[in-house]
Amino acid sequence: MTDRDLGMHRRITRRDFLNGVAMAVGGAVILPHRAASLQGNDADDSPAAVRTTARPNYPPALTGLRGSHAGSFEAFHALRDGTFWDTAGPIVSTRERYDLAVVGGGISGLAAAYYYRKAVGKKARIIILDNHDDFGGHAKRNEFTADGRTYLGFGGTQSIDSPAPYSPVAKALIAELGIDVSRAAQVLDPNLYQELGLQRAFFFDKETFGVDQLVVGYSHQLPDAFLNAAPLSEAVKHDVRRLLTDQWDPMPGLSSADKKARLARMSYAHFLTHVWHLDPGVLPLFQTRTHGLFGVGIDAVPAQDAWGLGFPGFQGMHLDPGAGPGQNYDAIRHPEAVDYFFHFPDGNASIARLLVRRLIPGAIPGSTMEDVVTAKANYARLDMQESPVRIRLNSTVVRVRHDRPGASPMGVEVVYVRNGRLHRVWARAAVLACWHSVIPYLCPDLPEHQRAALAYAVKVPLVYTNVLIRRWTAFQRLGARAIVSPGFWHTSARLDAPVSLGSYRSSRSPDEPIVLHLSKSPCKPGLEARAQHRAGRVELLFTPFETIERHIREQLARLLGSGGFDPAGDILAITVNRWPHGYAYQYNSLSDPFWLEGGEPPCVVARQRIGRIAIANADSAAYAYTDAAIDQAHRAVHEILALR
Ligand SMILES: Cc1cc2nc3c(=O)[nH]c(=O)nc-3n(C[C@H](O)[C@H](O)[C@H](O)COP(=O)(O)OP(=O)(O)OC[C@H]3O[C@@H](n4cnc5c(N)ncnc54)[C@H](O)[C@@H]3O)c2cc1C
């Protein structure tokens, strides 16, 4: 299709000119004065392109390339490359003194501020510094408007949902914020899509499968009707059926523990092609099924975890229930974890917003879990002199070190770059709730073994894209609500979950606009997991928004064209949430021997307090979920409180 057919020329709210600038320099070196012009919404410093695309002071409504947006990472990349201080200029002291400085305004950083304030009292002076133009870290809100109505999407962290039960600490915070997870079923309409006859579907693309074809009725069980309709060879279908039904034990004579030990050391792809000896044409049916949890495909996911996740091929092996050594996903999920689920229309951004509401009264009006959904945050109130708690956005921290080097420190100096200028604040203590991999560049005082342990945490890159479309009649005609599409840039596309809460109403009729949610895990099959994550991150850095937009338009045209979808006319807005540093890395039995052998994992060494500096973030638990971010904030703050 031509650019014109796809609607690349259409005026929608999406193009972030800044991306072009960032890509032109590869994000490697942007000097502080240059970074100033990229830092975002401060009208005086912004180039014309920002003023035309940005709605100053209301980041959730910004479209285009979001997540790690232009202006949020360049200063840090220069620090990493060793060039930052060459051109840094003088550090200006703000003369601000705090009880606690928090680096990172994600859920961990916000929770750290909450716990500290709760323990020390409302007068505790706290500053939270974050490099993005919005708070929440991965827990970001995307807002769209069409015909005067607001549509919400999650830009990252999707739901309160964790493979293991939330700890009592994390549950207590959720309850203190006023979130009642037992209401999950009341706010989600389970019947809307069902009544319209919409099912999950799989798109076979011609590049991978030889023909473009949408087959509805897909599920992980690969039902007969689906397989019959699928454009797969008879040999592949035969092998898939064998895999699903044969009660074969490929490892007879071994104990369950020995079988698990073998499965932990081979990928699921290897299990299919070298243990089951299946036709390699089976692989694309499964390849991206693990993306959402691992950020890589089945070539880098241990077969033992695939068993835990319910993948086929293990039914004849008589494996004992319960996780084996080195297994992340247990075959039997704890019922408490299953029940502890809640989805806000903007995902866990609502948790971040509820935390901010507690920390800075007046920043987000209202008082309940219902009214927070539609409440407009007042960004001007986040960083006010008179407020004991301040959240300073667009502020990349570049150094955190103790004062009085050599003597017993009284506090911590925190240096950050904002609007191209370096500033210093002083605090009695600091919590680093930022990504582990950045900490070695910030803290000169770290011992070598801790630096290495911090650097081990390679974040998992992810892209969550929200596309506002004019109507979803094409989905209705095709009978699909969610489409797996392993051959495309985004490997899944689905209609927003019909959640209505407070005065927020989800889209109810196919004639109304709706938010489509697309996701991608950038990776490079064939490499070990962490190498795949690094390769995915590079891909994201060098993929400009226009390329992604074209991928989106072409993909939607091919998935939905036969249902009447017109990419040129039906797409109203696009927000690509790019997370090169996404999930916390969870250890993998294929590439992390200590994980199998029960040795001390690097995250334990990495999170040790250094004097008056404690370390939080989900990386501290090597566990990619909100409960980890909360638990680690709680631990870090209590390490600081113990010093008082
Ligand atoms: C796309 C996506 C979907 C997810 N979905 C779920 C889900 O459904 N459920 C779930 O439980 N978890 C989910 N997660 C995991 C999510 O990471 C955690 O739940 C949690 O939000 C992590 O919070 P955090 O504060 O530890 O880290 P982050 O959210 O990463 O926050 C850290 C903050 O520190 C900032 N920072 C880094 N360096 C600096 C610096 N030098 N100076 C200033 N600031 C800095 C970062 O930019 C960031 O804003 C998802 C993650 C992603 C990326």
Side-chain angles (χ1 to χ4, degrees), residues 60 139-161 179-201 216-220 292 338-351 353 368-375 464-485 490 492-519 556 559-560 563-565 570-575 577:
K140 282 283 185 334
R141 172 182 173 100
N142 287 173
E143 267 186 37
F144 301 97
T145 309
D147 299 333
R149 182 170 157 190
T150 298
Y151 296 87
L152 296 177
F154 45 92
T157 313
Q158 201 176 131
S159 307
I160 296 176
D161 187 17
I179 302 172
D180 177 2
V181 297
S182 72
R183 295 194 52 209
Q186 295 162 20
V187 303
L188 174 77
D189 180 348
N191 300 323
L192 177 68
Y193 297 145
Q194 214 176 345
E195 281 165 6
L196 291 168
L198 308 192
Q199 304 176 52
R200 293 180 68 202
V216 293
Y218 167 75
S219 78
H220 286 172
V338 176
D339 289 345
Y340 203 78
F341 172 89
F342 196 85
H343 178 73
F344 284 97
D346 62 357
N348 288 5
S350 278
I351 300 183
R353 285 156 54 84
T368 66
M369 71 180 278
E370 288 85 16
D371 61 27
V372 78
V373 177
T374 45
Y464 272 20
T465 294
N466 288 316
V467 180
L468 184 73
I469 56 170
R470 197 179 297 283
R471 56 182 79 87
W472 40 289
T473 43
F475 281 86
Q476 187 189 20
R477 285 191 201 110
L478 296 169
R481 64 179 165 80
I483 305 174
V484 175
S485 49
H490 289 94
S492 70
R494 64 184 157 96
L495 297 173
D496 193 31
V499 169
S500 297
L501 181 57
S503 57
Y504 184 74
R505 290 284 162 271
S506 68
S507 178
R508 310 283 313 162
S509 155
D511 296 314
E512 291 173 354
I514 198 169
V515 174
L516 280 189
H517 181 70
L518 283 69
S519 66
L556 294 181
L559 300 186
L560 303 166
F565 185 83
D570 286 342
I571 292 176
L572 299 178
I574 299 175
T575 301
N577 298 278

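Just so it is clear, the values below take in all heavy atoms, side chains as well, and ignore hydrogens, waters and symmetry mates.
Under the 4.5 Å side-chain criterion, counting only non-hydrogen atoms from C-beta, L188 is not in contact with F341. Put simply, the side chain of L196 does not reach to within 4.5 Å of the side chain of F475, judged on heavy atoms. In this structure the side chain of T150 never reaches within 4.5 angstrom of the side chain of T374, judged on heavy atoms.
Of all the heavy atoms in V216 and A480, the pair that sits closest is CG1-CB, 4.2 Å. Taking both residues in full, the closest heavy atoms of Y151 and V515 are given as CB-CG2, 3.9 Å, listed atom of the first, atom of the second, then distance. Taking each heavy atom of S506 and S500 in turn, the nearest pair found is N-OG, 3.1 Å. W472 and S507 get closest at one heavy-atom pair: NE1-OG, 3.0 Å. For the residue pair L559 and S485, the shortest heavy atom distance occurs at CD2-CB, 4.1 Å. Nearest heavy-atom pair, L556 versus F565, reported as atom, atom and distance to 0.1 Å: CB-CE2, 3.7 Å.
Between the CG atom of L572 and the CG atom of L468 there is a distance of 4.5 Å, given to the nearest 0.5 Å. N577 CG to N466 CG: the interatomic distance, rounded to the nearest 0.5 Å, is 6.0 Å. To the nearest 0.5 Å, atom CG of residue L501 and atom CD of residue Q186 are 10.0 Å apart. Rounding to the nearest 0.5 angstrom, the gap separating the CG atom in L516 from the CD1 atom in I574 is 10.5 Å. Residue I514 holds its CD1 atom at 12.0 Å from CZ of F144, rounded to the nearest 0.5 Å. Atoms CD1 and CZ, from I179 and F342 in turn, are 7.5 Å apart once rounded to the nearest 0.5 Å.
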Under 3.5 Å, which donor-acceptor pairs link side chains of residues 492-499 to any protein atom two or more places apart or in another chain?
residue : atom : partner : partner atom : Å
S492    : OG   : S519    : OG           : 2.8
R494    : NH2  : Q158    : OE1          : 3.1

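With sequence neighbours excluded, no residue forms a salt bridge (charged side-chain N to carboxylate O under 4.0 Å, His left out) with R477. With sequence neighbours left out, the side chain to side chain contact (heavy atoms under 4.5 Å, CB included) criterion links S219 to Q221, P223. Residues satisfying the side chain to side chain contact (heavy atoms under 4.5 Å, CB included) test with Q194, not counting sequence neighbours, are N191. With sequence neighbours left out, the side chain to side chain contact (heavy atoms under 4.5 Å, CB included) criterion links R200 to Y218, H220, R481, A482, V484. Applying the side chain to side chain contact (heavy atoms under 4.5 Å, CB included) criterion to S182, with sequence neighbours excluded, gives D180. Applying the side chain to side chain donor-acceptor pair (under 3.5 Å) criterion to N348, with sequence neighbours excluded, gives T626. Contacts of H517 classified as ring pair (Phe, Tyr, Trp, His ring centres under 6.0 Å), with partners at least two apart in sequence or in another chain: F154, Y464. In this structure R141 satisfies the salt bridge (charged side-chain N to carboxylate O under 4.0 Å, His left out) test together with E143, D346, sequence neighbours excluded. Qualifying side chain to side chain donor-acceptor pair (under 3.5 Å) partners for E195, counting only residues two or more places apart in sequence or in other chains: none.
Sorted by first then second residue, the salt bridge (Lys or Arg N to Asp or Glu O under 4.0 Å) pairs that include residues 500-518, not counting sequence neighbours, are R149-E512, D189-R508. Pairs passing the salt bridge (Lys or Arg N to Asp or Glu O under 4.0 Å) check and including a residue from residues 466-475, sequence neighbours excluded, read R471-D570.
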* Take T157 and I351, measure what side-chain contact (heavy atoms from CB on, under 4.5 Å) needs, and give me the verdict at the end. => CA-CA 10 Å; T157 313; I351 300 183; over 6 Å; no

